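Structure, as structure tokens:
All values below were derived from every heavy atom in this structure, side-chain atoms included, with hydrogens, water molecules and symmetry-related copies excluded. Chain naming here is simple, since letters A, B, ... match the order of the sequence lines and numbering starts at 1 in each. Because the structure is a prediction, the values reported are computed rather than measured.
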2 protein chains.
Amino acid sequence: MTVIATTLMAKTVLEQLGSGALPDWHRVESAIRVKRLRTGDRLFRADDQHPYVYFVHQGIIKLVYETADGKEWIKAFAEEGRFFASLTALEPGGRTSFSACAACDAAVEQLPYQVLLALAETHPTWQKVLRRSFEIYGFRKETREKELLLLSAEERYRRFIEERGALSARLADKDIASYIRVTPVALSRIKKRQPSV
Amino acid sequence: MTVIATTLMAKTVLEQLGSGALPDWHRVESAIRVKRLRTGDRLFRADDQHPYVYFVHQGIIKLVYETADGKEWIKAFAEEGRFFASLTALEPGGRTSFSACAACDAAVEQLPYQVLLALAETHPTWQKVLRRSFEIYGFRKETREKELLLLSAEERYRRFIEERGALSARLADKDIASYIRVTPVALSRIKKRQPSV
DNA sequence: CATGGAAATTAACCCGGGTTAACGACACGG
DNA sequence: CCGTGTCGTTAACCCGGGTTAATTTCCATG
């Protein structure tokens, strides 16, 4: 069945992080809920209390900051096989700082963070899985910070196309613009500058 | 002695992260080396192989990205009581992506990451300490990303002064400018705009 | 096939911050 | 006491990207 396939997929990814079999996996499995999303559907909104971790089974999820004056800037894209969550929402009593929205039809698995925390308290293997997850997350955010600090808008665009070609081909230009942190108008100008690609 | 005091300080911080006593602490203690720095001294440079974790005992360390054309943009400041490291350099075979430089006379404790990894493999408590550390690191980077994506240069400056007043009072304006990601000239203009503060 | 709506493009204008350069304020060493 | 260097400020000019708005392309739906 579909459900079994999806949880197995998440399991495989997690086992790599912990470098071995995961004790009490059934606890995770029974806590997972699969959510199907249509393009534009929201998984959660900024400022929700929402201590869940997600795994993308299919599609692309946009993680979006929304400003007071109605603008949206995309923090990250989560594709198939990737986990995501709002770190601030995982802290006790914390709230999300961004929204999650389907960039195309998608299916995700939702898991209460509490389940992972409980497993981590009793199993070193699970503690290690969490440690590695956060390590990788920090690694990604560090890269993003570096790009925002050092690169011009045009360089950010070129690099995004270069390094995430498969992803960018599936996205609307306006979403790429929002991730690059320029307006769609500016992106259109940037693209025109170098017609040789 | 000074050395004992410093390692005790790091111990206290780590025990909070692990929420309890740390087994085999003596292994950490015997691996720690204290480094004293004069203003402008570098702890490591971008692209070094340097799998160490640092704890700031005294002073302020600037973490700096250096561009090909000789410009410097400050990624973060590490003050007293804070840990820092280059995540990319902690991965096996990895290298640092930025430099660390003393913003004023400083003293830091240096610990090979290998020691922490080994402790984490044998003690769940240490695994948890690492997990919490990376969690907090991710949390910080998320905040920084949000500021860079959503705020104007002026807003970034105001917020920095507001939220890190004690730190900013100890820094040269040019370093604040570099962190805010504007030139010193631009910062001077920004400061002039609102003379009421 | 016609039509409404979103996305992408293009043009015109504006503005914040980069760049360069000149200048004053200090600190430091000789 | 006078150089020398660094830092902060100010001015003048430039440019990339924001803003607004008009136009086109492309679907999706009736």
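- Considering only side-chain N and O atoms, A:Ser188 lies nowhere under 4.0 angstrom from the phosphate OP1 or OP2 of C:dA8.
- Here D:dT10 presents its P atom at 12 Å from CG of B:Leu187, a figure rounded to the nearest Å.
- Residue A:Lys174 contributes atom NZ, which lies 5 Å from atom P of C:dA7 at whole-angstrom precision.
- Rounded to an integer number of Å, the gap from CG of B:Leu150 to C1' of D:dG18 is 16 Å.
- With D:dG17, D:dT10, C:dT10 as the choices, the nucleotide that has an atom nearest any side-chain atom of A:Val185 turns out to be C:dT10.
- You'll find a donor-acceptor pair under 3.5 Å spanning the side chain of B:Arg189 and the base of C:dG18, going by distance alone.
- Looking at the side chain of B:Ala186, the nearest of the listed nucleotides C:dT9, C:dG17, C:dT10 is C:dG17.
- The distance between atom CH2 of A:Trp73 and atom P of D:dG18, rounded to the nearest whole Å, is 6 Å.
- Remark: side-chain polar atoms of B:Thr183 are not paired, donor with acceptor, to backbone N or O of B:Ala177 under 3.5 angstrom.
- When side chains are defined from C-beta on, B:Trp126 counts as touching B:Trp25, because their heavy atoms get closer than 4.5 Å.
- Counting to the nearest Å, the P atom of C:dG17 and the CG atom of A:Leu149 are 16 Å from each other.
- For A:Ala153, counting side-chain heavy atoms from C-beta on, the closest listed nucleotide (D:dG17, C:dG17, D:dG18) is D:dG17.
- A salt bridge is defined here as a Lys NZ or Arg NE, NH1 or NH2 lying under 4.0 Å from an Asp or Glu carboxylate O, and A:Glu135 with A:Arg132 meets this definition.
- One can place CG of A:Asp175 at 8 Å from P of C:dA8, the figure rounded to the nearest angstrom.
- Taking atom NZ of A:Lys71 as the reference point, atom C1' of D:dG18 lies 8 Å away to the nearest angstrom.
- Between B:His50 and B:Tyr54, the ring planes lie parallel to each other; the angle is under 30°, not in the 30° to 60° tilted range.
- A straight line from CZ of A:Arg193 to C1' of C:dT9 spans 15 Å, rounded to a whole angstrom.
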